[in-house]
Engineer: 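My questions will all concern the structure given below.
For this chain, numbers begin at 1 and follow the sequence in order. When a ligand or atom number is given, it counts from 1 through the structure's own listing order. When reading the values below, keep in mind they use all heavy atoms of this one structure, side chains included, and skip hydrogens, waters and symmetry mates.
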Amino acid sequence: MHKIPVTRSSMPELEEYVKEIESLFETHWITNAGEKHEELAERLRKYLGVEALSLTVNGHAALELSLELLNLRKGGEIITTPFTFVSTTHAIVRSGFRPVFADIREADCCLDPDSIESRITENTVAIMPVHVYGNMCDVARIGEIAKRHGLKVIYDAAHTFGVRLFYDGEWRGSGSFGDLSCFSFHATKVYNTIEGGAVCCHTEEESRKIAELRDFGIVDEERVRYIAPNAKMNEFAACMGLCNLRHVDSEIGKRKRVNDLYRERLKDIKGVRLIGEREDVKANYAYFPVFIDKEEYGMDRDRLFTVLAENGIGARKYFYPMITELDCYRESYDSSETPAARRAAGQVMTIPMYSALTEEAVDKITGIIRNRE
Ligand SMILES: *Cc1c(COP(=O)(O)O)cnc(C)c1O
């Protein structure tokens with residue numbers, strides 16, 4: 001049986017990559033902010049529409065370095081979402097803060113601003129929202145709440161590569177909001193550097209400090225200012241990034257075609273809910289989540305997941321289990337305090353989404369979902 005995976009990493013033609021790495025075999029400069037790294041950082045800064053940016057070894061490191069940069073009071077509370085990839089929460093805990101979970105909005109799975117506000121205490125130091133599936137958070141209200149309470153905002157923008165939001169009369173890059181925004185360029189994301197990430201900042205002073213924090217805290221040959229890890233991107237990863245960046249708009253265009261086909265084919269199926277599209281967002285079609293209402297659909301998400309698997313179709317229960325149900329967090333938290341997130345985790349499934357997905361495959365997948373077999 002021909003298998004359909006849930007995702008497929010974007011890669012350039014082999015020749016294009018070989019050409020890109022050729023100079024590395026002459027210079028032997030293969031890491032430590034070499035030529036390719038610097039070129040990629042500048043190209044990404046422009047592409048993402050941000051003022052300053054530092055590359056990192058992965059998206060998780062970007063989150064941890066961001067928390068380090070802001071000099072927040074250790075032990076403080078950071079309000080975040082239980083409906084995310086574990087990296088978001090792990091970054092908070094590993095950096096010495098306490099995650100406090102607010103609930104999400106059913107409509108887009110992003111944090112609900114009212115719920116954020118209800119969780120603020122005198123111990124709160126920051127908010128770490130996630131633009132889930134590439135859906136933009138309510139950045140205006142979150143920014144207003146943070147300002148009123150004197151809190152920092154770090155966006156986990158891992159899902160929003162290339163997303164633009166119409167805000168205050170102009171199209172702005174998803175990484176330009178909050179105090180800092182973090183991207184992941186992992187192989188499974190819309191855009192990849194194999195493994196990689198970036199912290200988007202508002203000033204070059206900040207991005208320079210991130211550059212020190214990702215390199216053991218080294219400032220120059222004789223000065224080490226911070227006790228910091230090694231979280232640098234290497235030149236081969238940067239070369240993959242330079243190649244993939246040339247094709248990312250076309251990749252997103254192909255994903256849009258898959259998205260449009262899915263929406264057409266999955267329309268009006270009782271018990272299958274999709275996230276709505278927004279006029280004020282240029283999307284990247286990173287994921288295609290569907291929500292299965294057991295009563296209305298007549299089958300639960302887990303059963304449909306199994307039926308798809310039996311037909312060779314890879315889906316993912318993304319994000320299930322929710323963070324507060326994972327072994328390492330369940331003792332300390334109560335999932336019933338975030339009921340919308342709990343409901344979403346019980347209903348959600350992301351179905352295959354990548355640029356090379358054929359119409360035939362879409363027909364097969366949506367046929368199974370429609371016929372429930
Ligand atoms: C992928 C991802 C990360 C982590 O990025 P890596 O590059 O894999 O370290 C963090 N947060 C979210 C929401 C992600 O999807």
Side-chain angles (χ1 to χ4, degrees), residues 6-10 40 44 48 53-68 78-95 97 99 101-102 104 108-111 126-137 153-163 174-175 177-178 180-200 210 213-214 229-234 237-238 240-241 244 275 283-289 316-324 326 328-329 341 344-345 348 350 353-354:
V6 69
T7 186
R8 186 168 178 269
S9 299
S10 300
L40 181 64
L44 283 175
L48 295 171
L53 167 152
S54 270
L55 298 176
T56 56
V57 69
N58 55 48
H60 183 80
L63 291 169
E64 290 199 6
L65 296 180
S66 294
L67 288 166
E68 190 72 38
I78 298 186
I79 298 173
T80 188
T81 173
F83 194 73
T84 183
F85 180 55
V86 286
S87 174
T88 322
T89 324
H90 282 4
I92 292 171
V93 176
R94 289 172 46 80
S95 301
F97 303 98
F101 297 104
I104 61 171
D108 61 8
C109 294
C110 293
L111 275 179
I127 307 170
M128 190 180 271
V130 182
H131 302 301
V132 181
Y133 305 130
N135 300 318
M136 292 297 295
C137 293
V153 181
I154 303 163
Y155 282 105
D156 181 338
H159 294 177
T160 61
F161 189 90
V163 172
S174 61
F177 297 96
L180 299 167
S181 286
C182 298
F183 283 95
S184 162
F185 309 141
H186 182 256
T188 55
K189 306 299 204 261
V190 167
Y191 166 82
N192 81 77
T193 60
I194 310 174
E195 294 264 8
V199 180
C200 298
I210 292 286
L213 289 171
R214 74 179 172 211
N230 175 6
K232 301 186 295 287
M233 180 185 286
N234 71 62
M240 185 62 107
N244 280 338
I275 288 179
N284 67 357
Y285 311 101
Y287 300 92
F288 200 90
R316 271 189 77 190
K317 299 173 194 174
Y318 198 59
F319 301 100
Y320 170 86
M322 64 195 285
I323 299 292
T324 47
L326 299 173
C328 52
Y329 293 116
V348 75
T350 57
M353 171 53 94
Y354 46 91

Engineer: Taking C-beta and beyond as the side chain, do Leu111 and Val130 meet within less than 4.5 Å on heavy atoms?
Structural biologist: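 Sidechains of Val130 and Leu111: no contact.
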
Engineer: Tell me, please: is Cys182 in heavy-atom contact with ligand 1, that is, under 4.0 Å?
Structural biologist: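 Flag not set, Cys182 not near ligand 1.
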
Engineer: May I ask you to identify the nearest protein heavy atom to atom 9 (O) of ligand 1, giving residue, atom name and distance to one decimal place in Å?
Structural biologist: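 Closest protein heavy atom to atom 9 (O) of ligand 1: His60 N, 2.9 Å.
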
Engineer: Please answer whether the main-chain N or O of Ala157 pairs with a side-chain N or O of Ser181 as donor and acceptor at a distance below 3.5 Å.
Structural biologist: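 No, Ser181 side chain to Ala157 backbone: no donor-acceptor pair under 3.5 Å.
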
Engineer: Ring centres under 6.0 Å, that's the criterion: do Tyr329 and His90 meet it?
Structural biologist: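 Under 6.0 Å, so yes.
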
Engineer: Report yes if the side chains of Asp156 and Phe85 come closer than 4.5 Å at any heavy-atom pair, otherwise no.
Structural biologist: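 Answer no - side chains too far apart.
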
Engineer: Using heavy atoms and a 4.0 Å limit, tell me yes or no: is Tyr318 in contact with ligand 1?
Structural biologist: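 Under 4.0 Å: yes for Tyr318.
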
Engineer: Which residue and atom name correspond to the protein heavy atom nearest atom 15 (O) of ligand 1, and how close is it?
Structural biologist: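 Here the nearest protein heavy atom works out to His159 NE2, 2.8 Å.
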
Engineer: Is there a polar contact, in the sense of an N or O pair closer than 3.5 Å, between Ser184 and ligand 1?
Structural biologist: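 So ligand 1 has an N or O lying under 3.5 Å from an N or O of Ser184.
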
Engineer: Determine, considering heavy atoms only, which of Asp156, Thr56, Val86, Thr89 sits nearest to atom 11 (N) of ligand 1.
Structural biologist: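 Comparing heavy atoms across Asp156, Thr56, Val86, Thr89, the nearest one to atom 11 (N) of ligand 1 lies in Asp156.
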
Engineer: Under 4.0 Å from ligand 1, counting heavy atoms only, is it the side chain of Thr84, its backbone, both or neither?
Structural biologist: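 Answer for Thr84: side chain.
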
Engineer: Just jot down the ligand 1 atoms closer than 4.0 angstrom to any heavy atom of Gly196, in number order.
Structural biologist: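 Every atom of ligand 1 under 4.0 Å from some heavy atom of Gly196: 7 (O).
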
Engineer: Compute whether any side-chain donor of one residue and acceptor of the other, for Lys232 and Asn234, lie under 3.5 angstrom apart.
Structural biologist: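 The answer is no; no qualifying pair exists.
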
Engineer: Of Ala158, Ser87, Ala62, which has the heavy atom at the shortest distance from atom 12 (C) of ligand 1?
Structural biologist: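 Going through Ala158, Ser87, Ala62 one by one, Ala158 has the nearest heavy atom to atom 12 (C) of ligand 1.
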
Engineer: Any N or O of Gly59 that comes nearer than 3.5 Å to an N or O of ligand 1?
Structural biologist: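 Yes.
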
Engineer: Treating Thr81 as the side-chain partner and Phe83 as the backbone partner, does any N or O pair qualify as donor plus acceptor under 3.5 Å?
Structural biologist: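 Between the backbone of Phe83 and the side chain of Thr81 there is a qualifying donor-acceptor contact (under 3.5 Å).
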
Engineer: Is Glu195 close to ligand 1, meaning an N/O of one under 3.5 Å from an N/O of the other?
Structural biologist: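 Looking only at distances, the answer is no, because the N/O contact criterion of under 3.5 Å is not met.
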
Engineer: Any idea which protein heavy atom is nearest atom 1 (C) of ligand 1, and the distance to it?
Structural biologist: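 Its nearest protein heavy-atom neighbour is Lys189 NZ, 1.7 Å.
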
Engineer: Distance-only, no hydrogens or angles: does the His131 side chain make a donor-acceptor pair with backbone N or O of Met136 under 3.5 Å?
Structural biologist: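 Checking the backbone N and O of Met136 against the side chain of His131, no donor-acceptor pair under 3.5 Å is found.
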
Engineer: Parallel, tilted or perpendicular for Phe183 and Phe161, by the 30°/60° rule?
Structural biologist: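 Because their plane-to-plane angle is over 60°, the rings of Phe183 and Phe161 count as perpendicular.
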
